[in-house]
Amino acid sequence: MEGGDDLTKQYDVFISCYGSEEEELIHWFTFDAHNGELDKVGSTSGVKNPSFVTLNTSFNRLYAVSEVEKGETVSYEVDFLNTSLTEINRQSVHGNSPCYSEVKDGRFLFTTNYGQGNVTVQPLNGAGAIEGASDIQDYTEVAASLGVDSHPHAIRNIPGTNRYIVTDLGLNRLNVYEFDEDQAKLVFVEEILTGDRTGPRHISFHPTLSRVYVINELDSSILTYSYNEDGGSLRQIQKVKTIPDDYEGTNYCADIHVAPSGLFLYASNRGHHSIASFVISADGMLQPLENAPSGGEWPRSFAIVPDGKFLLVANEHTNQVNVMSIHEDGILSDTGKSYAVDRPVCVKIIARES
């Protein structure tokens with residue numbers, strides 16, 4: 001449902017935030033692609049620190065993590081007519097501080113537990129409810145043997161395959177799995193080391209090329225990997241920096257996304273407070289383009305509007321979501337439109353027929 005120059009579609013934006021369960025922390029906006037403006041249409045409370053939200057492909061279910069010591073995942077029914085979210089149920093993830101989830105075919109929910117050092121698989125029933133865990137991949141024993149802590153940060157499906165990649169920021173590695181749907185379990189395939197003190201965090205895939213891009217939080221870099229049709233043979237082919245060579249301050253990378261066109265890649269820098277832009281060449285390699293100010297401080301999350309013309313960035317420390325224009329050459333510019341949202345940490349955009 002993404003794409004093109006069709007601006008007649010309705011864009012819905014879900015923004016989640018840090019805060020207490022008494023606060024309204026999951027906000028629902030609509031986005032007008034004609035003038036680049038956001039309009040708040042709803043919000044919900046009841047979950048502490050919903051630091052990441054995701055939706056199924058039908059867009060009628062939203063899943064949030066509760067990033068607390070005894071972490072949970074929470075499912076919601078999405079009511080577009082009344083622009084409301086109604087909780088279906090919640091389940092323990094058997095982990096501490098979940099920070100990322102991905103839905104598979106509306107049937108399974110995969111969640112990384114940053115503070116626990118494990119990944120949870122939970123089946124979803126036909127009503128969208130989350131069932132008890134069918135699999136838990138635990139990295140604490142490996143981490144203990146190395147004298148470090150495991151911090152899995154994201155899990156992503158390699159497009160067109162049944163394979164998944166888990167980034168582990170603490171172990172500086174990618175863990176690759178094959179998902180056994182019959183057993184509802186992840187089967188380990190291989191581990192790929194990303195280098196000492198890199199801190200792999202988030203992942204983005206090219207829409208047409210067999211390329212995966214991994215952003216490293218700790219050394220402000222992006223790794224490009226090639227892979228074959230079944231998702232195997234991951235091989236690093238490039239490493240680029242996300243900040244200027246003359247920058248001397250601290251920086252922690254956060255989010256990464258390839259534009260729908262496949263022509264550009266964007267990454268957020270917390271500390272440098274910028275969005276780094278790259279041109280993607282025909283072979284999937286990255287060429288640095290610019291660093292544009294994010295319009296605030298600590299750009300933890302951002303999302304590209306499916307028309308490819310705007311980027312919405314959540315500046316966590318300055319309590320705002322900024323709207324940036326994406327020009328035909330990939331350059332970003334500030335539209336001057338900023339929206340007050342307390343401690344925003346995740347932005348999701350969907351396109352549906354108006």
Kindly assign one of parallel, tilted or perpendicular to the pair [X] and [Y], based on the angle between their ring planes and the thresholds 30° and 60°.
X: Phe205; Y: Tyr227; answer: perpendicular
X: Trp298; Y: His317; answer: parallel
X: Tyr213; Y: His206; answer: tilted
X: Phe179; Y: Tyr164; answer: perpendicular

Assess the residue pair Arg156 and Val212 against the criterion (side-chain contact (heavy atoms from CB on, under 4.5 Å)); give the C-alpha distance rounded to whole Å, side-chain angles, the decisive distance to 0.1 Å, and a yes or no. CA-CA 10 Å; Arg156 295 293 311 275; Val212 56; over 6 Å; no

Name the residue from Asp168, Thr140, Asp138, Asn118 that meets the side-chain hydrogen bond (donor to acceptor under 3.5 Å, both in side chains) definition with Ser150.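 Looking at Asp168, Thr140, Asp138, Asn118, the match for Ser150 under the side-chain hydrogen bond (donor to acceptor under 3.5 Å, both in side chains) is Asp168.
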
Quick one about [Y] and [X] (side-chain donor to acceptor, distance below 3.5 Å, no hydrogens or angles considered), yes or no?
X: Ser75; Y: Asn89; result: yes
X: Asp79; Y: Thr86; result: no
X: Asn322; Y: Ser338; result: yes
X: Asn56; Y: Ser58; result: no
X: Ser51; Y: Asn49; result: no

Strictly below 4.0 Å, N to O, side chains only: are [X] and [Y] in salt-bridge contact?
X: Arg270; Y: Glu316; result: no
X: Glu178; Y: Arg163; result: yes
X: Asp32; Y: Lys337; result: no

Hey, does Asp180 have a side-chain heavy atom less than 4.5 Å from the side chain of Asp135?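 Side-chain contact under 4.5 Å: no.
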
How about [X]: does its [atom1] atom have over 12 heavy atoms from other parts shown lying under 6.0 Å from it?
X: Lys348; atom1: NZ; value: yes
X: Tyr247; atom1: OH; value: yes
X: Asn82; atom1: CG; value: yes
X: Lys70; atom1: NZ; value: no

Check: Phe59 ring centroid to Phe80 ring centroid under 6.0 Å: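 No, too far apart.
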
